[in-house]
Amino acid sequence: MTSHLVTRRAVLLGGAALLGLHFALAAFSQAPATPLKVRHFDEVKGYLNPYFAQNWMLFAPDPLADDRGVPARAQCRDGSVTDYHDVTTTYVREAQESRFFPSRMSRLVSAPMHSINATDPLLDRLREKHEDDIAKDRKDRKDRKDRKDGGGEVRLMPEEQKAQDDAVRFLSRYSLTQMPDACGGDPQRIQVRMYVRELPPWSKRNAPAKAGEDTVQVQDFDWLKADELR
């Protein structure tokens, strides 16, 4: 009897210690930047992501107001290209059908999609101001030439470009796992597409849609070799 109580107490203490360690790591991830945090942040982040990631999305001042997703297609050895496979909808539907214990697999797609469009806010304001200055200068000079080469644009910083490239690569690798039968199981290249459809305001959610109001933005990314994604 005494041995059983000791074992039970040890289990409770061990569980409490693990739970305390978990909350300590979660709090550490949200603490102000310090040399200690910079040194150990990668290890803490590796433990927390993706299931225990700490963020403020629940209290976001700008909640999502669009429908976005990722279809993907494959290119076979003979050069033929498959139809697009819906990578997003399956896990979104699973999350919606289980409100109390939803699947978090959909975050594997939503997080990289957010990273693709996540740029530095300060640089975004600089880009907007720069574009406004260029437009104003063109108007003053009555210069309407099409600037196809992108001259004058404030380009992405290396960190921003790397984050976007990593996100696209992750989406391509994940899409490859979701199409096991594509090209007979031997696809050569994968291409992902991201779409964003603007949703109407909540107050107009039941209003009939008018022609031309359904705005969908589509972005196709480069083909990536399947062997490099495995």
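Treat the numbers as computed from the prediction; the structure is a model and nothing was measured. Residue numbers start at 1 and run along the sequence shown.
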Nearest 0.5 Å please: distance from the CZ atom of Arg189 over to the CD atom of Glu228. 11.0 Å
Fellow cluster residues of Trp223, listed by chain then number, with links counted only when side-chain atoms sit under 4.5 Å apart: Val81
If you group Ile, Leu, Val, Met, Phe, Trp and Tyr by side-chain heavy-atom gaps below 4.5 Å, do Leu36 and Leu48 land in one group? yes
Closest non-hydrogen contact found for Leu176 with Ala226 is CD2-O, 4.0 Å
For residues 71-96, the ring-ring contact (aromatic ring centres under 6.0 Å, His included) pairs (sequence neighbours left out) are none
Quick one: pull up OG1 in Thr88 and CD in Gln178 and give me the separation to the nearest 0.5 Å. 9.5 Å
Tightest non-hydrogen contact, residues Pro112 and Ala167, listed as O-CB, 3.5 Å
Using the salt bridge (Lys or Arg N to Asp or Glu O under 4.0 Å) criterion, which residues pair with Arg230? Sequence neighbours excluded. Asp227
Rounding to 0.5 Å, atoms CG (Leu12) and OG1 (Thr7) come to a distance of 11.0 Å
Give every residue pair that meets the ring-ring contact (aromatic ring centres under 6.0 Å, His included) criterion with at least one member in residues 167-198, sequence neighbours excluded. none
Taking the side chain as every heavy atom from C-beta outward, state whether Gln191 and Gln75 have any pair of such atoms under 4.5 Å apart. no
Partner set under side-chain hydrogen bond (donor to acceptor under 3.5 Å, both in side chains) for Lys162, not counting sequence neighbours: Asp166
Hey, does Ile116 have a side-chain heavy atom less than 4.5 Å from the side chain of Leu171? yes
For Arg193 and Asp220 the tightest heavy-atom approach is NE-OD1, 2.5 Å
Distance check, rounded to the nearest 0.5 Å: Met179 atom CE versus Arg73 atom CZ? 10.5 Å
To check you understand the geometry: which heavy-atom pair defines the closest contact between Gly185 and Pro187, and what is its length? C-CD, 3.4 Å
Linked, directly or transitively: Val216 and Val196 (ILVMFWY side chains, under 4.5 Å): no
Would you compute the distance between atom CZ of Arg173 and atom CD1 of Ile190 and round it to the nearest 0.5 angstrom? 12.0 Å
Can you sort out the partners of Asp78 under side-chain hydrogen bond (donor to acceptor under 3.5 Å, both in side chains), two or more places apart, ordered by chain and number? Ser80
Grouping I, L, V, M, F, W and Y whenever their side-chain heavy atoms are under 4.5 Å apart, do Tyr47 and Phe41 come out in a common cluster? no
What pair of heavy atoms forms the shortest contact from Asp186 to Gln188, and how long is it? O-NE2, 3.3 Å
